[in-house]
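A quick write-up on the structure given underneath.
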Amino acid sequence: MRVRFAPSPTGQLHIGGLRTALYNFLLARKHGGTFILRIEDTDRSRFVPDAEQDIIDSLRWAGMEFDEGPGKGGVHAPYHQSERFDLYKSAAEKLLADGRAYIAFDTPEDIDALRERLTTKENPAPKYDLSTRGSMTNSLTLSEDEVQRRLDAGDPHVVRLLVPEGETIRFHDLIRGEVAFDSTEVDDQILVKSDGMPTYHLANVVDDHAMEITHVIRGEEWLSSVPKHMLLYEYLGHKPPQMAHLPLILSPAGGKLSKRSADTLGIPLNVKQYREAGYEPEALVNFLAFLGWNPGTEQEVFSMEELIEAYTVQRTGQSGVQLDLNKLDWYNAQFIRRLSAKDIASRSRDAVEVAVGPVDEGKLLAVADLMRERITFANDLADSTYFFRGPDTYDETGLKKRWKEDSAELVGLYADLLESNASFTEASAEAAMRDLAETQGVGFAQIIHPVRLAVTGVTIGAGMFETLVVIGKEECVRRLREAAEALAPRPQSAAD
RNA sequence: GCCGCGUUCGUCUAGGGGUUUAGGACGCCGCCCUUUCACGGCGGUAACACGGGUUCAAAUCCCGUACGCGGUACCA
């Protein structure tokens with residue numbers, strides 16, 4: 001089994017592309033096959049220099065190492081279509097020689113004119129096909145001499161596929177079953193552009209055969225092109241690979257997921273954006289795998305190894321799927337919990353240091369351990385700045401609700417108790433507070449909430465005593481006293 | 001317009017003639033746990049697009065309609 005991911009380097013890899021790559025990768029790994037990366041750079045006008053590196057980086061980040069491709073080589077190198085020109089040229093020559101393709105001299109303006117002439121309400125998109133080719137300037141309508149003369153003169157020209165009339169083209173799609181098209185509906189696809197480069201259709205068919213691709217898994221946007229490809233396989237004398245056309249990823253609003261719609265909705269589109277937003281690659285992979293596929297069991301969280309084990313093309317859905325970032329976030333939280341404190345620390349360090357400056361590794365590790373189950377992103381650790389420095393302000397709503405007349409005094413007393421607490425463990429810190437509640441004759445809650453506010457500035461967080469221990473005794477005592485001072489009730493007259 | 005592909009809770013989906021009072025997950029709501037917020041546990045909300053047919057029986061098969069998506073480029 002040999003499969004390929006064949007993106008065009010026209011921009012950053014988007015998540016739809018990553019999902020296509022993933023399904024190819026899973027299938028290859030599951031069957032001990034080969035996963036190939038092929039760069040389809042035949043459109044020079046849309047070429048983006050950094051795109052290829054972004055594709056490679058994104059695949060690597062996601063944990064999908066390819067077996068053959070740019071920078072890696074392989075038995076069918078090179079893997080850039082721009083370097084495989086001769087292959088397409090000889091394929092086009094064979095097609096021409098066999099009468100399966102023809103040369104057309106029509107300029108883009110000629111074709112525009114054709115469209116303009118024929119466009120009606122009933123036919124808004126006229127085609128260059130068997131109904132119109134006879135009225136155009138091509139080797140079907142020109143004499144042999146005239147064609148040769150123009151060729152010798154260097155007239156710009158393209159090569160078009162000579163699509164037969166009235167043939168039913170059938171093929172089996174692994175996801176959709178039997179699909180049939182009438183060849184009359186197919187246009188005379190340009191195979192070689194006037195700059196000499198092949199179009200996707202020719203290059204793709206030639207390369208899939210040359211690289212011995214056995215399974216083509218790609219987006220549904222290609223389904224309508226399959227008849228052209230089947231014709232090319234037949235005319236070139238090649239056996240077509242197995243086909244599987246994936247449902248498209250739709251925007252959360254239901255429409256198509258375009259750059260524009262993504263911007264409007266404020267959702268990331270490119271893999272790089274997800275990466276920068278702090279998503280874990282394992283989470284994105286798991287999420288993407290389930291966007292249009294499911295294992296048929298109730299297991300939701302899968303490692304790459306488990307996905308490889310469970311994946312089958314047949315269990316892929318057939319209808320478009322909407323992106324649900326809520327679920328992605330949930331997956332991310334799932335993977336964060338499975339990470340070691342060390343991994344969380346290393347993934348959050350930059351964000352934390354941006355927020356509070358240089359932090360001690362041991363401290364960060366302790367914070368990661370304590371907060372693991374309450375965060376969605378590793379970077380969320382940066383929100384709890386109180387682990388690393390005292391609060392600048394105290395949460396107002398919390399103060400209103402929890403800070404009473406006697407709070408400053410109780411917090412001060414608790415500071416004294418902690419200061420003389422030699423061991424300062426979670427247990428001793430808690431015991432001290434319970435003793436204080438008893439000797440002062442107040443409820444436990446009357447102390448713990450003000451203490452939390454005094455030490456962290458907020459009302460939410462991990463267990464109080466675990467938090468105190470992570471922050472450290474001296475610092476806790478200092479913050480408690482500072483809060484007791486700042487928030488002490490003052491006589492009305494002395495105020496202001 | 002034409003061609004192709006689709007259509008089960010808001011979303012991702014299971015289910016492919018009787019096993020279904022249509023199952024799971026995310027989200028949302030409630031309860032429990034609890035010093036708070038989470039986590040976790042328990043419970044709840046919520047779907048077979050519509051119309052015909054086939055059949056003893058249809059979410060499941062067939063036809064039609066509606067709607068959505070894709071294609072209809074010298075882009076991929």
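Everything numeric here is computed off the predicted structure, so don't read it as measured data. All values below come from the heavy atoms of this structure, side chains included, with hydrogens, waters and symmetry mates left out. So that the names make sense, note that chain A is the first sequence line, chain B the second, and so on, each numbered from 1.
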*Taking OP1 and OP2 of A14(B), is either one under 4.0 Å from a side-chain nitrogen or oxygen of Asn294(A)?*
yes
*asked:* Parallel, tilted or perpendicular: which one describes the rings of Tyr200(A) and His229(A), with boundaries at 30° and 60°?
replied: tilted
*Looking only at side-chain atoms of Arg46(A), point me to the closest of C74(B), C75(B), G1(B).*
C75(B)
*Base paired to U55(B) (Watson-Crick or G-U; both N/O distances under 3.5 angstrom)*: none
*asked:* Taking only side-chain N and O atoms of Arg337(A), does any of them lie within less than 4.0 angstrom of OP1 or OP2 on G40(B)?
replied: yes
*Do the side chain of Ser384(A) and the main chain of Tyr386(A) share a donor and acceptor less than 3.5 angstrom apart?*
no
_Base-pairing assignment for C69(B) (Watson-Crick or G-U wobble, both under 3.5 Å)_ = G4(B)
*Looking at Lys193(A), does any N or O in its side chain come under 4.0 Å of the phosphate oxygens OP1/OP2 on C75(B)?*
yes
*Cation-pi check, Arg133(A) onto Tyr128(A) ring (under 6.0 Å, within 45° of axis)*: no
*asked:* Can you tell me whether the side chain of Ser225(A) and the base of G71(B) have a donor-acceptor pair closer than 3.5 Å?
replied: no
*Is the distance from OP1 or OP2 of G70(B) to the nearest side-chain N or O of Lys256(A) less than 4.0 Å?*
yes
*Look at the side chain of Asp54(A) and the backbone N and O of Gln12(A), then say whether any donor-acceptor pair between them is shorter than 3.5 Å.*
no
*State which of C26(B), C75(B), G24(B) makes the closest approach to the side chain of Asp324(A).*
C26(B)
